[in-house]
Protein chains: 2
Amino acid sequence: MKISRKTDYALRALFTLVEHYHRGPVSVRELARRNDVPKRFLEQIMLEMKVKGWVASVMGKQGGYVLAKSPESITVGQVVRHFDGVMSPIACVSVHHYQPCSQEPICRFRRLFLDVRNHASRLLESATLASIYQGKPVRPEEVFALELTGGAGI
Amino acid sequence: MKISRKTDYALRALFTLVEHYHRGPVSVRELARRNDVPKRFLEQIMLEMKVKGWVASVMGKQGGYVLAKSPESITVGQVVRHFDGVMSPIACVSVHHYQPCSQEPICRFRRLFLDVRNHASRLLESATLASIYQGKPVRPEEVFALELTGGAGI
DNA sequence: GTAATATACGACTAAACGAATCGTACATAA
DNA sequence: TTATGTACGATTCGTTTAGTCGTATATTAC
């Protein structure tokens, strides 16, 4: 159920670019420093995002990366799906990576994972860089709130 | 965001045991055959579930496994958490596997993944073997419903 | 008693994946 | 012309996943 570090790093860099939107390019060196990401690794990631059309590069000295689309038009879901591929907890409920399973006709728990996927999908696809950028940071207590209200946490 | 095959296989076996609840032990051979799972692999899994107290074994000829608790008292969340460990999409929003991250004070997207975790957690923890056993299988169209309603699927 | 059928338990392995790292070529502004 | 950038492919390395295998032990039917 985890997202990869690539997704994490990509999102960190994207939000820095949102911060600098329309204020010139930011170098990978700077993106890496500010977000605590290995520089050479981030190079790869930025390149992938360029191919995706989310960012554009400015070459040469004083160069770097800029956001190529408005923060309203890039969703977190798109980023997660690109770097992590499957977002479904199980392949038999995936739209883009569907794989048939011999147990489908009798499977008891498929619906549950379908619900989990639908919820996650809706949340991530409706979150744009712009909408998330506006939000407030999470307070430490919030992470443990579920446990306090009777849930088992996770 | 995927669950492991171990979790998948464990759940398949558990639901077969629900079906045979109070009707004698089912051998690993039979559990493997009916659920299309490698037999030697399932042996390991059943052993783990025995340690967890979810199933009990009956040794010798005519032996096998039985459910050790009522289907109402075992949740899918417990099974997922045991075999997959982390259910949080990112470790900084995990209760049981929390790991601090240098970006927490400024992180923009942490809340989003916290929401995803909370939703998944609530769904999985409130699903018991009994409640899921009662449900109907998923119709094929349902898997693609999100796409049709404008979501990107996943 | 013994053969057949079970679970119990530890060790081992092959392939895939994640998370980088490295070398080097090319671009451009100061 | 040099310092500072991106571009791109190849390689490495540790971990995890998804098993397999050997062997010991327990129980029952005959």
Side-chain angles (χ1 to χ4, degrees), chain A residues 1-13 17 20 24-33 35-52 54-68 80 82-86 89-91 97 99 101, chain B residues 1-13 17 20 24-33 35-52 54-68 80 82-86 89-91 97 99 101:
Chain A
M1 310 283 274
K2 282 181 67 176
I3 62 167
S4 66
R5 240 169 241 207
K6 260 191 169 178
T7 299
D8 185 357
Y9 294 163
L11 288 172
R12 294 187 196 189
L17 294 185
H20 281 244
V26 184
S27 69
V28 172
R29 167 194 298 278
E30 182 65 10
L31 289 170
R33 198 189 54 73
N35 295 291
D36 198 19
V37 173
K39 189 197 153 213
R40 295 303 297 268
F41 194 29
L42 188 56
E43 277 178 20
Q44 272 185 53
I45 294 168
M46 297 311 294
L47 228 34
E48 279 188 69
M49 294 206 282
K50 183 188 169 184
V51 171
K52 270 295 187 179
W54 299 327
V55 301
S57 65
V58 179
M59 288 210 67
K61 201 170 174 178
Q62 307 293 333
Y65 285 93
V66 296
L67 221 54
V80 172
H82 174 255
F83 286 106
D84 278 340
V86 189
I90 196 164
H97 298 81
Q99 276 202 288
C101 165
Chain B
M1 311 282 275
K2 284 182 66 177
I3 61 166
S4 65
R5 241 169 242 209
K6 259 192 170 177
T7 299
D8 184 356
Y9 293 164
L11 288 172
R12 294 187 196 189
L17 293 186
H20 281 245
V26 185
S27 69
V28 172
R29 167 195 298 277
E30 182 66 10
L31 289 170
R33 197 188 56 73
N35 295 291
D36 198 19
V37 173
K39 189 199 151 211
R40 294 305 296 267
F41 194 28
L42 187 56
E43 276 178 21
Q44 271 186 52
I45 295 169
M46 297 311 294
L47 227 34
E48 280 189 67
M49 294 207 281
K50 183 188 168 185
V51 171
K52 271 295 185 178
W54 299 328
V55 300
S57 64
V58 178
M59 287 208 68
K61 202 170 174 180
Q62 307 293 334
Y65 284 94
V66 296
L67 221 52
V80 172
H82 174 255
F83 286 107
D84 279 340
V86 190
I90 194 163
H97 297 81
Q99 276 202 289
C101 165

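All values below were derived from every heavy atom in this structure, side-chain atoms included, with hydrogens, water molecules and symmetry-related copies excluded. Naming convention: chains lettered A, B, ... in sequence-line order (proteins, then strands); numbering from 1 in each chain.
- Aromatic ring pairs are classed by plane angle as parallel below 30°, tilted from 30° to 60° and perpendicular above 60°; the pair W54(B) and F83(B) is tilted.
- Between dA29(D), dA7(D), dA11(C), one nucleotide has an atom nearer to the side chain of Y65(A) than all others, and that is dA7(D).
- Tested against V37(B) for a side-chain contact (heavy atoms from CB on, under 4.5 Å), the candidates L31(B), L42(B), D8(B), V28(B) yield a single pass: L42(B).
- Between the CE atom of M59(A) and the C1' atom of dA27(C) there is a distance of 4 Å, given to the nearest Å.
- In this entry the distance linking CE of M46(A) with C1' of dC8(D) reads 16 Å, nearest Å.
- Close to dT16(D), at under 4.0 Å from its OP1 or OP2, lies no side-chain N or O of S4(B).
- For the pair R40(A) CZ and dT11(D) P, the computed distance is 15 Å after rounding to whole Å.
- In this entry the distance linking NZ of K61(A) with P of dG5(D) reads 8 Å, nearest Å.
- As a whole-Å value, the separation of E43(B) CD from dC12(C) P is 19 Å.
- For P38(A), the listed nucleotide lying nearest its side chain is dA20(C); candidates were dC8(D), dG19(D), dA20(C).
- The interatomic distance linking Q44(A) (CD) with dT11(D) (C1') rounds to 11 Å, in whole Å.
- Between R29(B) and dA6(C) there is a side-chain polar atom (N or O) within less than 4.0 angstrom of OP1 or OP2.
- S27(B) has no side-chain polar atom (N or O) that falls below the 4.0 Å cut-off from OP1 or OP2 of dT7(C).
- Dashed line: the shortest gap from a side-chain N or O of Y9(B) to OP1 or OP2 of dT17(D) is not under 4.0 Å.
- Residues E48(B) and K52(B) are not paired through a salt bridge, judged by the lack of any N-O separation under 4.0 Å between the basic side chain and the carboxylate.
- The side chain of K6(A) places no N or O atom within less than 4.0 Å of a non-bridging phosphate oxygen (OP1 or OP2) of dA19(C).
- Residue F83(B) contributes atom CZ, which lies 17 Å from atom P of dT16(D) at whole-angstrom precision.
- Distance L42(B) CG to dT17(D) P: 18 Å, rounded to the nearest Å.
- Between Y65(A) atom OH and L47(A) atom CG the span is 5.0 Å, to the nearest 0.5 Å.
- Note that NZ of K39(B) and CD of E43(B) are 5.0 Å apart. Values are rounded to the nearest 0.5 Å.
- At the phosphate of dT6(D), neither OP1 nor OP2 sits under 4.0 Å from any side-chain N or O atom of K50(A).
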